[in-house]
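Reading through the structure tokens given below for one structure.
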Amino acid sequence: MSPEESKTIDFIREAVAEDLRTGRFSYVRTRLPPEPNGYLHIGHVKAFMIDYLIAKENNGELILRFDDTNPTKEETEFVDAIQDDARWLGIQWVKVTYASDYFGLLYDWAVQLVKKGLAYVDDQSPEEVSANRGTLTEPGKESPYRNRSVEENLDLLERMKNGEFPDGSRVLRAKIDMAHPNINMRDPVMYRIIHEPPHHRTGSKWKIYPMYDWAHGQNDSMEGITHSLCSLEYENHRPLYEWFPEQLGVWKPRQIEFARLNMTYTVMSKRKLRRLVEEKVVNGWDDPRMPTLRAMRRRGYTPEAVLDFIRRVGVAKNYSISDVSLLEACVRDDLNKRALRRMAVLRPLKVVIDNYPDNQTEEMDAVNNPEDPSAGTRKIQFSKIVYIEQDDFRETPPPKYYRLFPGNEVRLRYAYLVKCTHVVKNDKGEVVEVHCTYDPATRGGDAPDGRKVKSTIHWVSATHAKPIEVRMYDRLFTKENPEEGENDFIECLNPKSLEVLTGCAESILSAAKAGDRFQFERQGYFCADPDSAPDKPVFNLTVSLKDAWAKIEKKR
RNA sequence: UGGGGCGUGGUGCAAGGGCAGCACACCAGCCUUUGGAGCUGUGGAUCUUGGUUCGAAUCCAGGCGCCCCAGCCA
């Protein structure tokens with residue numbers, strides 16, 4: 001974090017500072033409240049960083065608390081994966097807790113509310129509860145069970161807890177106001193009965209489980225949370241979250257809501273992401289096209305770049321969709337400074353240098369990173385036959401095309417100036433071989449006579465080339481906002497979101513290990529995939545380089 | 001037609017009564033042994049109407065638009 005960026009602060013930081021100033025709170029403690037029912041995605045990172053940084057900036061504490069109030073959805077696998085991803089981001093917490101740690105105390109608090117006549121057991125069916133809730137414009141109807149005696153409620157609640165009643169037969173409800181204009185205040189459900197499956201932490205001990213609306217705020221209270229930061233959708237619930245601790249006479253955190261992160265060309269809801277996995281649109285949760293952290297990691301994004309993006313999108317209450325190209329810019333920005341440069345040809349075209357000695361090989365010096373002299377140099381082998389990119393040759397060049405074409409001279413990076421003389425075609429008329437002559441006086445790439453060439457292209461020596469698999473990723477969707485409109489989001493999938501190529505690379509790349517990041521010159525940043533074999537590395541396209549020529553071509 | 005929230009260039013975020021600014025994107029140019037990176041420059045925004053004020057993106061009132069809420073999900 002640079003110092004100049006904090007010239008203006010967001011409304012949450014402002015509110016926290018004010019609370020400290022006025023003495024509403026004497027310390028800051030926040031919490032991360034993930035539900036362990038899926039993997040973290042980029043949207044979670046925003047929420048996580050708000051909680052983490054606000055605690056850190058105020059010398060406060062962050063608690064990682066898993067919201068495991070629904071055994072039908074949650075699994076231990078996700079508890080581990082979420083912590084792993086959060087650590088990757090560099091987030092630090094003082095302790096890990098679970099909503100389930102507090103089931104006992106929370107039950108006691110519910111009993112207190114019953115005793116005060118503020119909660120009751122309702123025997124209505126789920127359908128009746130729903131039908132009697134009223135509508136947005138009409139008040140609800142009070143349950144016929146709403147005015148049971150405290151004794152009866154206590155007895156029934158106890159028996160619910162003991163598992164005497166089947167799922168769905170009864171619930172515990174707060175007794176607030178069935179005519180309240182805010183639907184969340186119309187006697188919200190606090191406990192429901194769930195016998196199966198067993199809870200991932202408490203096993204079969206509990207037969208009733210608290211609803212999020214009942215558990216969450218009370219857990220915050222129990223942990224002495226000062227600022228309960230969450231997304232806009234909970235704004236409507238805030239009156240309820242304030243009502244409970246008020247009646248109980250316990251610690252009241254301050255809830256502040258912000259707009260969640262959305263991104264162009266992707267979907268963010270767990271439900272939709274799960275569909276992509278289950279319908280095999282992608283190859284799992286860590287498919288590099290997914291917006292999950294596991295996918296971004298595999299794709300080669302750095303935590304620094306992800307965090308920079310989150311910092312740059314800011315915090316506000318406006319509904320917004322951030323541009324994925326900003327994320328990509330952050331990734332390029334970071335990788336430009338640190339990625340070692342390598343030469344790799346993704347779609348090879350054979351080039352024969354006719355006047356180069358048949359069996360000669362030379363070693364050329366190449367810099368590893370022009371942005372970082374300390375990265376040093378390496379040797380690259382050169383010989384009579386090299387591969388270049390198919391895109392770097394045109395038999396008949398369009399306007400402004402500076403690369404190889406008959407009669408034109410270009411530089412083979414770090415090697416020689418070469419001039420195209422003629423081509424060889426196959427039966428179908430496709431160019432299969434480009435013939436050139438080289439100028440021996442231009443070794444390294446500079447001409448003694450001072451003549452310039454418009455273009456420098458990358459290459460790989462045919463006799464030294466190592467095969468590589470390259471997975472070229474593009475956006476998963478063709479629409480900026482796949483969720484917009486009537487159509488199913490799955491209908492705007494980009495059919496070309498993955499293209500697998502077999503290319504070749506300078507020999508040093510065959511030693512790449514999973515997770516190694518490189519810039520393939522003139523093409524993009526790539527990250528070695530865990531699928532790599534010793535003899536055949538596999539690379540994922542992290543993000544392409546900006547391509548001025550592609551832009552010119554596209555405009556045509 | 002209930003309640004809650006939000007409206008600033010294409011996108012995201014600033015400006016808290018005093019010259020509407022930053023980033024990404026876009027466009028043009030310079031430079032370049034990556035058509036990368038870097039550098040320079042251009043264009044483009046306060047939802048609307050009225051009020052208060054010397055002065056309003058900012059304060060007030062009305063209108064319009066968008067988002068959220070009727071799970072025994074979170």
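Chain letters run A, B, ... following the sequence lines, proteins first and then strands; every chain starts at 1. Since this is a predicted model, take the numbers as computed values, not measurements.
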Checking all strands, does A/Arg341 fall into the base, sugar-phosphate, or nothing category for heavy-atom contacts under 4.0 angstrom?
base

Sticking with atom P, work out how far B/G44 lies from B/U53, rounded to a whole angstrom.
33 Å

Let me know the distance between CG of A/Leu327 and C1' of B/A23, rounded to the nearest Å.
14 Å

With rounding to the nearest 0.5 angstrom, report the CZ to CZ distance, A/Phe165 to A/Arg170.
4.0 Å

Which whole-number value in Å describes the distance from A/Arg332 CZ to B/U34 P?
18 Å

Would you mind classifying the nucleic acid contact of A/Phe520 as base, sugar-phosphate or nothing, using non-hydrogen atoms under 4.0 angstrom?
nothing

Across the strands shown, which category fits A/Gln519 at heavy-atom distances under 4.0 angstrom: base, sugar-phosphate, nothing?
base

Round to a whole Å and report the spacing from CG of A/Asp446 to P of B/U32.
12 Å

Is A/Glu235 touching bases, backbone alone, or none of the nucleic acid, heavy atoms closer than 4.0 Å?
sugar-phosphate

Which residue lies more 5' along RNA chain B, comparing A/Asn318 with A/Ser455 via nearest heavy atoms:
A/Asn318

When both distances are under 3.5 Å in a Watson-Crick or G-U wobble arrangement, the nucleotide paired with B/A23 is B/U11

Any N/O pairs under 3.5 Å between the protein and nucleotides 66-73 of chain B? List them or say none.
{"unit_1": "B/C68", "atom_1": "O2", "unit_2": "A/Asn236", "atom_2": "ND2", "d": "3.1"}
{"unit_1": "B/C69", "atom_1": "O4'", "unit_2": "A/Asn236", "atom_2": "ND2", "d": "3.4"}
{"unit_1": "B/G71", "atom_1": "OP2", "unit_2": "A/Ser130", "atom_2": "OG", "d": "3.4"}
{"unit_1": "B/C72", "atom_1": "OP1", "unit_2": "A/Arg133", "atom_2": "NH2", "d": "3.0"}
{"unit_1": "B/C72", "atom_1": "OP2", "unit_2": "A/Arg133", "atom_2": "NH1", "d": "3.4"}
{"unit_1": "B/C72", "atom_1": "OP2", "unit_2": "A/Arg133", "atom_2": "NH2", "d": "3.2"}
{"unit_1": "B/C72", "atom_1": "N3", "unit_2": "A/Gly168", "atom_2": "O", "d": "3.4"}
{"unit_1": "B/C72", "atom_1": "N4", "unit_2": "A/Gln124", "atom_2": "O", "d": "3.0"}
{"unit_1": "B/C72", "atom_1": "N4", "unit_2": "A/Pro126", "atom_2": "N", "d": "3.2"}
{"unit_1": "B/C72", "atom_1": "N4", "unit_2": "A/Gly168", "atom_2": "O", "d": "3.0"}
{"unit_1": "B/C73", "atom_1": "OP2", "unit_2": "A/Arg192", "atom_2": "NE", "d": "3.3"}
{"unit_1": "B/C73", "atom_1": "OP2", "unit_2": "A/Arg192", "atom_2": "NH2", "d": "3.0"}
{"unit_1": "B/C73", "atom_1": "O3'", "unit_2": "A/Asn70", "atom_2": "ND2", "d": "3.4"}
{"unit_1": "B/C73", "atom_1": "O3'", "unit_2": "A/Arg192", "atom_2": "NH2", "d": "3.2"}
{"unit_1": "B/C73", "atom_1": "O2'", "unit_2": "A/Lys73", "atom_2": "NZ", "d": "3.0"}

For A/Lys555, report the nucleic acid contact type (base, sugar-phosphate, nothing); a contact means any heavy atom under 4.0 Å.
sugar-phosphate

Could you give the CG-to-C1' distance, from A/Asn369 to B/G36, as a whole number of Å?
11 Å

Phosphate oxygens OP1/OP2 of B/A74: is one of them under 4.0 Å from a side-chain N or O of A/Asn37?
no

Output yes when at least one side-chain N/O atom of A/Arg522 is less than 4.0 Å from OP1 or OP2 of B/G35, else no.
yes

Roughly how far, to the nearest 0.5 Å, is the CE atom of A/Met263 from the OG atom of A/Ser325?
10.5 Å

Rounding to an integer number of angstrom, what distance separates B/C59 and B/G2 when you compare their P atoms?
25 Å

Backbone N or O of A/Asn132 within a donor-acceptor pair of the A/Gln124 side chain at under 3.5 Å?
no

Under 4.0 Å between any heavy atoms, over every strand shown, what does A/Pro370 touch: base, sugar-phosphate, or nothing? Just pick one.
base

Ignoring hydrogens and angles, tell me if any N or O in the side chain of A/Asp365 forms a donor-acceptor pair with the backbone of A/Lys379 under 3.5 Å.
no

Distance criterion of 3.5 Å, no angle test: do you see the side chain of A/Gln523 paired donor-to-acceptor with the base of B/U34?
no

Donor-acceptor pair present, A/Arg238 side chain and B/G4 base, under 3.5 Å:
no

If we take the C1' atom in both B/G36 and B/C31, what is their distance in whole Å?
13 Å

On the 0 to 90° scale, with breaks at 30° and 60°, tag the A/Phe382-A/Tyr416 ring pair as parallel, tilted or perpendicular.
tilted

Euclidean distance for P, B/A14 against B/C47 (whole angstrom)
15 Å

Aromatic ring proximity, centroids under 6.0 angstrom, A/His237 and A/Tyr212:
no

For A/Asp372 and A/Ser374, run side chain to side chain donor-acceptor pair (under 3.5 Å): C-alpha distance rounded to whole Å, both residues' side-chain angles, the deciding distance at 0.1 Å, then the answer.
CA-CA 5 Å; A/Asp372 176 14; A/Ser374 72; 2.6 Å; yes

Rounded to whole Å, the CZ-P distance (A/Arg338 to B/A37) equals 18 Å

From CD (A/Glu74) to OG1 (A/Thr72), nearest 0.5 Å
7.0 Å

Expected label for B/G51 (glycosidic angle, syn inside 90° of 0, else anti) would be anti

With sugar-phosphate meaning primed atoms plus P, OP1 and OP2, does A/Arg411 contact a base, only sugar-phosphate, or nothing at under 4.0 Å between heavy atoms?
base

By the 4.0 Å heavy-atom rule, please label A/Val315 as base, sugar-phosphate, or nothing.
sugar-phosphate

Can you label the angle between the A/Phe489 ring and the A/Phe477 ring as parallel, tilted or perpendicular, going by 30° and 60°?
tilted

Within the structure, does a side-chain N or O atom of A/Ser320 lie under 4.0 Å from either OP1 or OP2 of B/C13?
yes

